[in-house]
Protein chains: 2
Amino acid sequence: MKSTIKDVAKKAGVSIATVSLVMHNHNRISSDTRKKVQKAIKDLSYFPSRSASNLVSKKTGNIGFILTDDHFLRTEPFYTRIFLGTEFEAREGELYILLTTIKSNFSEDDPLPRFILNKSVDGVIIAGKIPKTLINRLTLSNLPIVFVDYIDSSGNYPVVLIDNIQGGILATNHLINYGHKNIAFIGGDIKHPSISERLIGYKKALDTAGINPDPNIISTSYPYPDRQNGYTSAKELFSKNKNITAIFACNDAMAIGAMHYLKDAGYGIPEEVSIIGFDDVEADLMLEPPLTTVRVPKIELGAEAFRLMKSVLEGKSLSAKKILVPVELIVRKSTRDLN
Amino acid sequence: MKSTIKDVAKKAGVSIATVSLVMHNHNRISSDTRKKVQKAIKDLSYFPSRSASNLVSKKTGNIGFILTDDHFLRTEPFYTRIFLGTEFEAREGELYILLTTIKSNFSEDDPLPRFILNKSVDGVIIAGKIPKTLINRLTLSNLPIVFVDYIDSSGNYPVVLIDNIQGGILATNHLINYGHKNIAFIGGDIKHPSISERLIGYKKALDTAGINPDPNIISTSYPYPDRQNGYTSAKELFSKNKNITAIFACNDAMAIGAMHYLKDAGYGIPEEVSIIGFDDVEADLMLEPPLTTVRVPKIELGAEAFRLMKSVLEGKSLSAKKILVPVELIVRKSTRDLN
DNA sequence: TTAGTTCAGTTAAACGTTTAACCGTGGAAT
DNA sequence: ATTCCACGGTTAAACGTTTAACTGAACTAA
């Protein structure tokens, strides 16, 4: 039923090698023959067998995509969007993406993803922060690895990152331009490189504006950046300093949590307190007021990671190329111009 | 570097056929030989090449998993959990899951998922409601199809479903047992089979309790079951009938929307109005009060779908087996006992 | 003793590609 | 006229499995 390269060759009256060469756009073939073959391919709706071609080319044709359970199931679809970007980009080509999750607390004894163990992938894309022990063990497999939105400090890997410093500056400058001076920072986990970079951006912007950042209004000690911790951080911040007029939260989930606190505490948003988030997730638009934020192009991040992986596989790319994806300020209603 | 079946054969001093037979637990092999071979396999950490074995067995070793973008990116991780269940279950075996999304408004002209086009899967799992036109076109490919949490009315396919009627009864009975009589129903889209079944359960429970359902407090005309529509439905319901003391919402997103309305309108939950949802998503616990709901075992649904697919592939299962997965009442704080 | 059967393992073909090496033809250069 | 080369295509080996058919040894039954 399913047609093979032989059927095509017979129908076009050429050898199977010719068909193969046509499939790969090899230029050894005259355009006459090429057309004949292409017609045959179309008529028989021929698709080459992946197994056969992988077998001889010693590729698997798959890319593994690793996420932690937490990230995959996150309420705000952030990493799922990144995955989707990778999938979209892969659709153009021959490679398939094998998605798997690992436990967030992946330990020394947990088995590696099976596509690593039985060598069913040509490379691995890792999205978001994952346990160090996994990275170490992955390295042993000698597979090309590309990181997205996270890079282990020690590692020298190709990576696609958000331009976090720029984002931090963008957000902070927006507030500064709106006349704010007491700008609180809600970071969540300072050990996360993205957060520390956004903090750098924040400080840099403050510095160029000649504002001295009050360490009391910087909160960076909550390990998990969710709504709950956004709420708690905001509460803590206001207990230390009542003069805060604006908050820069390092992701929208924490921003939403902080907004909840502000409402509970009776602060008007943005009349009394302005707030800006980071990520740009759907929920932002449902909020009252809609959240001003820094947009992270999630689909683009995933697509870029795939392209990077491809160029690594083709040997085109230097082994540790870093790509910084720019972010964009999205002004909505949660920040107020004091001028 | 990577060892092949030949290496194992040489090391164990047998033929490659013997190795293959051992790998497949064939009983033609003496336990002595078997042990020798297994040792060699382990020593060389041999894994058979998927390409090679797929090539000869004419399988792809992959299962496609199709979701709409909407479902994949849904704020409440419902279908992503189902996918994860499938992935978990697949991890035990040899099959890989290829996840892809299609546009929710998939039309006649949109291309089929590429794994269908180039025949890279042995079967397809479809989760959630997808456009009819996709189903029709999929059928032409002659691939085994398994549905999860949705079944096209016309179709006679193997399917894993939630026991929606039971769920409807469970939810409604809970409210009845708590002494409620004016129980509103928020369904979203009545054309969705799950919703119509839950409505059946609702009416059945009311009926056995001798309560006559007021058609005015049944809302089933919003196409998309999200928070927004939950809010709107509740508002509408209360504008028609002020005596409602309880709401059964067909998913937690709509329940959350309805809760928002209740709060905005000044109704105490559960003092004045009780509310029960359906699905059991993480967000439920964050709510104030935490939402009583009907738990859908999402991971289990996905796992069951995979098992069903496997048995279909092995020819074990009748072509149109239906599996009903039971649901469970989770009582939290959003419903009040009037007795 | 002989023929048949079972057991445990081997042989070899087949799966559908890719690609290095080869080949024949026609023209260009000498 | 001879040599060379470019062009356009073909041949055939190789990739790593699975499995039907085969083989040889040991045992059984008559």
Side-chain angles (χ1 to χ4, degrees), chain A residues 1-41 44-62 93-96 118-122 313-314, chain B residues 1-41 44-62 94-96 118-120 122 313-314:
Chain A
M1 190 74 285
K2 208 182 142 184
S3 48
T4 75
I5 199 170
K6 278 188 195 164
D7 305 326
V8 177
K10 189 175 292 174
K11 175 142 191 166
V14 296
S15 73
I16 63 165
T18 304
V19 178
S20 179
L21 293 174
V22 169
M23 291 291 299
H24 293 87
N25 299 314
H26 212 286
N27 58 4
R28 207 192 308 179
I29 305 298
S30 72
S31 70
D32 274 11
T33 317
R34 179 181 304 277
K35 270 175 204 144
K36 255 194 325 194
V37 172
Q38 276 163 343
K39 179 162 180 352
I41 288 174
L44 296 173
S45 65
Y46 163 72
F47 284 97
S49 146
R50 291 216 314 143
S51 315
S53 68
N54 290 338
L55 178 57
V56 22
S57 62
K58 293 177 172 282
K59 300 264 167 66
T60 69
N62 298 323
E94 307 289 271
L95 288 164
Y96 281 90
N118 52 33
K119 313 220 186 305
S120 295
V121 294
D122 299 328
L313 290 178
E314 287 162 0
Chain B
M1 191 73 287
K2 210 181 139 184
S3 49
T4 76
I5 198 171
K6 278 187 197 166
D7 304 326
V8 177
K10 189 174 292 174
K11 176 142 191 166
V14 297
S15 74
I16 62 165
T18 303
V19 178
S20 179
L21 293 175
V22 169
M23 291 291 299
H24 293 86
N25 299 313
H26 211 285
N27 58 3
R28 206 189 313 178
I29 305 298
S30 72
S31 70
D32 273 13
T33 318
R34 180 181 302 278
K35 270 175 204 146
K36 255 192 328 190
V37 172
Q38 276 163 343
K39 180 163 178 354
I41 288 175
L44 297 172
S45 65
Y46 163 71
F47 284 96
S49 147
R50 290 216 317 143
S51 315
S53 66
N54 290 338
L55 178 56
V56 24
S57 62
K58 292 179 173 283
K59 299 265 167 65
T60 69
N62 298 323
E94 306 289 270
L95 288 163
Y96 281 90
N118 51 34
K119 313 221 186 303
S120 295
D122 299 328
L313 290 178
E314 288 161 0

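This is a predicted model, so every value here is computed, not measured.
Taking S53(B) as the reference, nothing meets the side chain to side chain contact (heavy atoms under 4.5 Å, CB included) condition, with sequence neighbours excluded. Under the side chain to side chain contact (heavy atoms under 4.5 Å, CB included) criterion, A12(A) pairs with V14(A), V37(A), A40(A), not counting sequence neighbours. In this view, K10(A) satisfies the side chain to side chain contact (heavy atoms under 4.5 Å, CB included) rule with no residue, not counting sequence neighbours. Every residue two or more places apart in sequence or in another chain that forms a side chain to side chain contact (heavy atoms under 4.5 Å, CB included) with I29(A) is listed here: T18(A), L21(A), V22(A), T33(A), R34(A). For N54(B), there are no side-chain hydrogen bond (donor to acceptor under 3.5 Å, both in side chains) partners, not counting sequence neighbours. Remark: K58(B) pairs with no residue by the side-chain hydrogen bond (donor to acceptor under 3.5 Å, both in side chains) rule, at least two apart or across chains. Contacts of S57(B) classified as side-chain hydrogen bond (donor to acceptor under 3.5 Å, both in side chains), with partners at least two apart in sequence or in another chain: none.
Looking at every heavy atom in both residues, Y96(B) comes nearest to S120(A) through OH-OG, 3.4 Å.
Closest-nucleotide positions on DNA chain C for R34(B) and V56(A) were compared, and the one nearer the 5' end corresponds to R34(B).
Listed by residue number, the members of residues 45-53 of chain A with any heavy atom below 4.0 angstrom from DNA chain D form an empty set.
The 12-atom threshold is exceeded at NZ of K36(B), counting heavy atoms of other residues, nucleotides or ligands nearer than 6.0 Å.
Comparing atom distances between the L55(B) side chain and each of dT19(C), dT18(C), dG16(D) picks out dG16(D) as nearest. With dT18(C), dG16(C), dT17(D) as the candidates, the nucleotide lying closest to the side chain of H24(A) is dT18(C).
Remark: P of dT17(C) and CD1 of I16(A) are 8 Å apart, rounded to the nearest angstrom. Between the P atom of dT17(D) and the CG atom of L21(B) lies a distance of 14 Å, rounded to the nearest Å. Note: NZ (K58(A)) to C1' (dA14(D)) measures 9 Å, nearest angstrom. Here the P atom of nucleotide dT11(C) and the CD1 atom of I5(B) are 14 Å apart, to the nearest Å. Counting to the nearest Å, the P atom of dG16(D) and the NZ atom of K119(A) are 14 Å from each other. Following rounding to the nearest Å, N118(B) (CG) and dG16(C) (C1') show an atom-to-atom distance of 15 Å. Rounded to whole Å, atom P of dA8(C) lies 10 Å from atom CG of D32(B). In this entry the distance linking CG of D7(A) with C1' of dC15(C) reads 13 Å, nearest Å.
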Between the protein and nucleotides 20-27 of chain C, which nitrogen or oxygen pairs are less than 3.5 angstrom apart?
{"unit_1": "dA21(C)", "atom_1": "N6", "unit_2": "R28(A)", "atom_2": "NH1", "d": "3.0"}

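At the heavy-atom level, S57(B) lies nowhere under 4.0 Å from the strands shown.
Note on S20(A): a side-chain N or O is less than 4.0 Å away from OP1 or OP2 of dT18(C).
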